[in-house]
Amino acid sequence: MAVPSVATAEQAGSGEVVVLVHGFPLDRALWRGQSSLARHLRLVSFDLPGFGEAEPPPTDVGLQGYSAAVVALLDALEIETATLCGLSMGGYVLFDLWRRAPHRIRRLVLCDTRAEADSDDARRGRQEAVALVQEGRRAEVLDGMLDRLLGPAARGTWIQDHTRSMMQRASDEGIIGALRAMMERPDSTPDLAGIAVPTLVMVGERDVLTPPADAAEMQRQIPNSRLVEVPGAGHLSPLENPEAFNRALLDFVLPEQQTGSTAGAEVQP
Ligand code: MLT
């Protein structure tokens, strides 16, 4: 199951390894604004099973299926440890990976994500979305999401078109598998205090799905962590404001370069 993701892996650059894990229902094209980071880092992106060009997974893939895909990718590329950077569902995957294989994680970057499990309402919504996709009505699910993913500045721009095309590439099995995986995911809040690697929490200033106040609360519970708010961005902060996002990521991974972030607002605890 893990192999299809490996087949879609793209890498560029050399040095410190950063592996990028996309959110739902997107694919590795989420990270197009990060390509310039390959001047400083070895950057790896890939499609989770059922998204982008990756083969569909079984619909009971679960978060553990996705984190196994990440481990298989690291093994295939002979990467022992890396900075793992996940956005939203990608963050849920990294919490699972932290529980199963923390020795593969050198640093964590948690973008526009949350540690809590779904509420009962959210689970019901996911169940309804699964039923709609099974009835051939996936457009209703995806169209409903598009507006909420993006901040006001990105709506109606090429970013919206780009986001829509990622959604269109997702397979039905991929969407159903991810909805079920997210619906069944455990609460990762109890794990936060035990995260023993440097962690950067990033959140779009205008993110309505995982709002800045929630990101700040999550960051407060992770010992060696910092929080950066990405100005003007919604839920897809790396795509909506790549300059600020990249500056903060680089400052975190290669502080010796002293890139001196002013574009992203570091929030002091
Ligand atoms: C994502 O961006 O991955 C999703 O918004 C996550 C979710 O639906 O919980």
Side-chain angles (χ1 to χ4, degrees), residues 20-33 48 50-52 63 85-95 110-133 135 137-172 174-185 188 201-218 227-242 244-245:
L20 304 166
V21 188
H22 64 78
F24 170 84
L26 310 171
D27 57 43
R28 68 186 193 274
L30 171 68
W31 307 108
R32 65 177 270 173
L48 287 167
F51 296 95
L63 280 187
C85 170
L87 182 131
S88 200
M89 182 178 78
Y92 310 159
V93 173
L94 297 185
F95 287 129
L110 300 169
C111 318
D112 303 282
T113 193
R114 64 160 56 85
E116 295 83 17
D118 273 358
S119 64
D120 289 345
D121 269 1
R123 272 195 204 107
R124 263 192 297 279
R126 304 234 200 242
Q127 200 73 65
E128 282 162 23
V130 167
L132 285 171
V133 177
E135 288 164 23
R137 296 163 62 192
R138 58 181 267 159
E140 288 169 49
V141 176
L142 301 183
D143 289 350
M145 274 196 77
L146 192 56
D147 256 8
R148 291 185 302 139
L149 285 177
L150 300 175
R155 292 188 205 134
T157 69
W158 68 269
I159 296 174
Q160 182 168 322
D161 298 337
H162 183 71
T163 305
R164 187 181 286 112
S165 43
M166 284 190 273
M167 290 174 153
Q168 284 166 348
R169 282 195 290 272
S171 64
D172 286 359
I175 294 172
I176 293 171
L179 287 167
R180 289 194 174 140
M182 292 191 286
M183 196 165 82
E184 286 156 13
R185 75 185 192 281
S188 296
V201 175
M202 284 212 258
V203 64
E205 183 193 14
R206 308 295 299 267
D207 186 342
V208 293
L209 293 177
T210 49
D214 295 3
E217 181 48 40
M218 179 173 76
L227 174 68
V228 169
E229 210 170 278
V230 181
H235 189 60
L236 304 188
S237 55
L239 188 62
E240 295 179 60
N241 188 347
F245 184 94

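In this text the structure is predicted, and so the values were computed from the model without any measurement.
Atom-to-atom distance recorded for Glu116:CD and Thr210:OG1 is 10.5 Å, nearest 0.5 angstrom. The CG atom of Leu132 lies 10.0 Å from the CG atom of Leu179; values are rounded to the nearest 0.5 Å. In this structure, the separation between CZ on Arg164 and CE on Met145 is 13.5 Å, given to the nearest 0.5 Å. Considering CG of Leu63 and OH of Tyr92, their distance stands at 9.5 Å, rounded to 0.5 Å. Put simply, CG on Asp27 and CD on Gln168 are 11.5 Å apart, with the number rounded to the nearest 0.5 Å. Between atom CE of residue Met167 and atom CG of residue Asp143 there is a gap of 8.0 Å, rounded to the nearest 0.5 Å.
Between Asn241 and Ala233 the shortest heavy-atom distance is CB-CB, 4.3 Å. The heavy-atom pair separating Cys85 from Leu94 by the smallest distance is C-CD1, 3.7 Å. Across all their heavy atoms, His162 and Ala29 have their closest contact at NE2-O, 2.9 Å. Considering every non-hydrogen atom in both Met166 and Leu30, the closest pair reads SD-N, 3.3 Å. Scanning all heavy atoms of the two residues, the minimum distance from Ala115 to Met218 falls at N-SD, 3.8 Å. Across Gly33 and Pro242, no two heavy atoms sit closer than the pair O-CB, 3.6 Å.
Proximity of Pro231 to Phe245: side-chain heavy atoms (C-beta onward) are nowhere separated by under 4.5 Å. Side-chain contact between Val203 and Cys111 is absent, with no heavy-atom pair separated by less than 4.5 Å. By the 4.5 Å heavy-atom criterion applied to side chains, Met89 and Leu48 are counted as neighbours. Contact of the Val230 side chain with the Glu205 side chain is not registered, since no non-hydrogen atoms from C-beta on lie closer than 4.5 Å. Between Leu87 and Val21, the closest side-chain pair of non-hydrogen atoms is not below 4.5 Å. Counting heavy atoms from C-beta on, the side chains of Leu236 and Leu26 come closer than 4.5 Å. Side chains of Arg148 and His235 form no contact here, defined as non-hydrogen atoms less than 4.5 Å apart. At least one side-chain heavy atom of Thr163 sits under 4.5 Å from a side-chain heavy atom of Leu150.
Ser88 places no side-chain N or O within donor-acceptor distance of the main-chain N or O of Thr113, the cut-off being under 3.5 Å. Judged by distance alone, the side chain of Arg114 and the main-chain N or O of Pro211 form no donor-acceptor pair under 3.5 Å. Checking side-chain atoms of Glu240 against main-chain N and O of Gly151 turns up a donor-acceptor pair under 3.5 Å.
Dense packing is recorded around CZ of Arg126, with more than 12 heavy atoms of other residues, nucleotides or ligands lying under 6.0 Å away.
Side chains of Ser237 and Asp112: a donor on one and an acceptor on the other come within 3.5 Å.
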Passes side chain to side chain contact (heavy atoms under 4.5 Å, CB included), Leu110 versus Phe95? Steps please.
CA-CA 9 Å; Leu110 300 169; Phe95 287 129; 3.9 Å; yes
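Salt bridge annotation for Arg123-Asp118: absent, with no cationic side-chain nitrogen under 4.0 angstrom from a carboxylate oxygen.
Aromatic ring pairs are classed by plane angle as parallel below 30°, tilted from 30° to 60° and perpendicular above 60°; the pair Phe51 and Phe24 is perpendicular.
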